[in-house]
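FYI, the numbering just counts along the sequence from 1.
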Amino acid sequence: MDGTLIQHAIDFAEMRQRIYAIADTDSIGKDLERDCVLALATQLSPEGQEECDIVFGDIEQRAINQMKIMTGGAELMHFLGENGLKRAVLTRNLEKNVPFMSDLYLDEMKGFNGGNDMIGPIFNPIVARDTRSHPNDEEPLKAKPNPDGILHICRVWGCDPSEVIMVGDSAHDDMTAANRAGCGGAVLLTQPGGEELDTDSGFRVEDSEEEILERTPSLRVESLLELKICLGALLNDRDTVSGGGGGKKMDIESNSGSLLSLQLEE
């Protein structure tokens, strides 16, 4: 969500500093490894967890107050809807905060086709850090980089992960989750020039060959409009690409030169 569908507003450096400071003085946290802030917060004493919730709430509320949709986001959502492609949200934010973003998209998209593509929700399902796969589940789905959220979306949609493209701005969280789930595409959204912003939740990164591959995107784009162009090329050419069996395979190339390969069902 933040940094992909809406402009980057979460201060991850501040979040890490404040959560780690709480852990430093916590009776349990002082002995724990400084890893992902969400995972770390759940391991602290009840008092420490309450303090962390205040920090998360403070930083996320500031992000809501500054929220602006990403350039090209409304055009991309309209394009996906026109082509019958489903749209979901997978975020480490809270479920209650996602409607603020959805409302911004609804307002922006009212001018497209007279609002005729606004039947039903823009994003379904929405999977956040407090989402449970079933109301009776005791624990929510594990957050990125765990693939559980993507696999849950696939179950809701009734599709295989190979038919899904994951788009995100974090190689550590988003691309790793996509590759672990077996997504057909893992698209990394960067800044112009390929710069990556600080979206580090504190998740510990290893440098084994396997883990480097896990966080490697299959496609890099510098804007959502560029992604729309890439997907448009894929859809326009689906009837002319070579393939066999139950579908057709097609490669698309971004301005950065990276490739996305997808299997298209006939």
Side-chain angles (χ1 to χ4, degrees), residues 1-10 36 38-39 42 53 56-57 59-70 72-110 115 117-161 163-170 173-178 180-181 183-187 189 199 201 224 227:
M1 189 169 96
D2 185 79
T4 305
L5 290 169
I6 56 177
Q7 295 180 26
H8 184 77
I10 298 270
C36 169
L38 293 178
T42 63
D53 286 341
F56 293 139
I59 293 176
E60 290 169 350
Q61 184 59 53
R62 277 188 276 141
I64 289 172
N65 295 340
Q66 302 168 21
M67 188 179 288
K68 296 179 181 178
I69 65 173
M70 188 68 76
E75 290 83 356
L76 177 61
M77 295 306 108
H78 173 67
F79 168 81
L80 296 176
E82 272 196 321
N83 285 279
L85 299 175
K86 297 176 180 179
R87 306 158 296 199
V89 169
L90 175 61
T91 178
R92 294 166 66 90
N93 212 304
L94 293 171
E95 281 186 0
K96 69 176 185 179
N97 293 333
V98 178
F100 293 100
M101 177 192 70
S102 298
D103 288 346
L104 290 178
Y105 270 91
L106 283 169
D107 289 341
E108 187 74 13
M109 294 171 66
K110 283 177 180 177
D117 62 343
M118 303 311 297
I119 299 174
I122 299 177
F123 307 105
N124 183 45
I126 291 168
V127 179
R129 71 171 183 263
D130 56 343
T131 299
R132 288 166 167 76
S133 62
H134 188 277
N136 294 330
D137 287 351
E138 294 184 3
E139 298 293 333
L141 291 161
K142 293 180 180 178
K144 302 175 292 185
N146 189 286
D148 284 6
I150 296 175
L151 298 177
H152 173 74
I153 291 169
C154 292
R155 286 193 294 271
V156 173
W157 284 351
C159 69
D160 189 83
E163 301 173 80
V164 171
I165 298 174
M166 169 70 171
V167 183
D169 65 329
S170 169
D173 293 338
D174 300 319
M175 300 303 98
T176 299
R180 287 178 177 176
C183 287
V187 180
L189 177 63
T199 59
S201 63
L224 294 181
L227 177 58

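- Between the side chain of Asp169 and the backbone N or O of Thr4, no donor-acceptor pair lies under 3.5 Å.
- The backbone N or O of Met77 lies less than 3.5 Å from no partner atom in the side chain of Tyr105, so there is not a single donor-acceptor pair.
- The two residues Cys154 and Pro161 make their nearest non-hydrogen contact at SG-CA, 3.6 Å.
- Of the inter-residue distances, the one linking Ile64 atom CD1 with Ile59 atom CD1 reads 12.5 Å to the nearest 0.5 angstrom.
- Shortest non-hydrogen contact noted between Asp173 and Ser170 is N-OG, 3.0 Å.
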Problem - Residues Met70, Leu76; criterion side-chain contact (heavy atoms from CB on, under 4.5 Å); working and verdict - result: CA-CA 10 Å; Met70 188 68 76; Leu76 177 61; over 6 Å; no

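- In this structure a side-chain-to-backbone donor-acceptor pair under 3.5 Å is missing from Arg87 to Leu80.
- Counting heavy-atom neighbours within 6.0 Å of Glu108 CD, excluding the residue itself, gives a total of 12 or less.
- Counting only heavy atoms from C-beta outward, the side chains of Phe56 and Leu94 never approach each other to under 4.5 Å.
- Using a 4.5 Å cut-off on side-chain heavy atoms (C-beta onward), Thr131 and Ile126 make no contact.
- Side chains of Ile150 and Leu90 form a contact here, defined as non-hydrogen atoms less than 4.5 Å apart.
- A distance of 11.0 Å separates CG of Leu5 from CG of Leu104, quoted to the nearest 0.5 Å.
- Here the side chains of His8 and Asp2 are in contact, with some heavy-atom distance below 4.5 Å.
- The nearest pair of heavy atoms linking Ala178 to Ala186 is CB-CB, 3.8 Å.
- Expressed to the nearest 0.5 Å, how far CG of Asn83 lies from NE2 of His78 amounts to 9.0 Å.
- Residues Lys144 and Asp174 form a side-chain contact, since some pair of their non-hydrogen atoms from C-beta on lies under 4.5 Å apart.
- Once rounded to the nearest 0.5 Å, the distance linking CD of Glu75 with CE of Met109 reads 9.0 Å.
- Arg132 places a side-chain N or O within 3.5 Å of a backbone atom of Glu138 that can act as its donor or acceptor partner.
- Annotation: side chain of Phe123 is not in contact with side chain of Met1 (no heavy-atom distance under 4.5 Å).
- Contact detail for Ala9 and Gln66: the closest heavy-atom pair is CB-OE1, 4.2 Å.
- Atom NZ of residue Lys86 and atom CD of residue Glu163 lie 9.5 Å apart, to the nearest 0.5 angstrom.
- Not one N or O on the side chain of Asn93 forms a donor-acceptor pair closer than 3.5 Å with the backbone of Val98.
- Here the NZ atom belonging to Lys142 is positioned 14.0 Å from the CG atom belonging to Leu38, to the nearest 0.5 angstrom.
- Using a 4.5 Å cut-off on side-chain heavy atoms (C-beta onward), Arg92 and Cys36 make contact.
- Although no hydrogens or angles enter the test, the distance criterion places no donor-acceptor pair under 3.5 Å between the side chain of Ser102 and the main chain of Pro99.
- Between Val164 and Ile153, the closest side-chain pair of non-hydrogen atoms is not below 4.5 Å.
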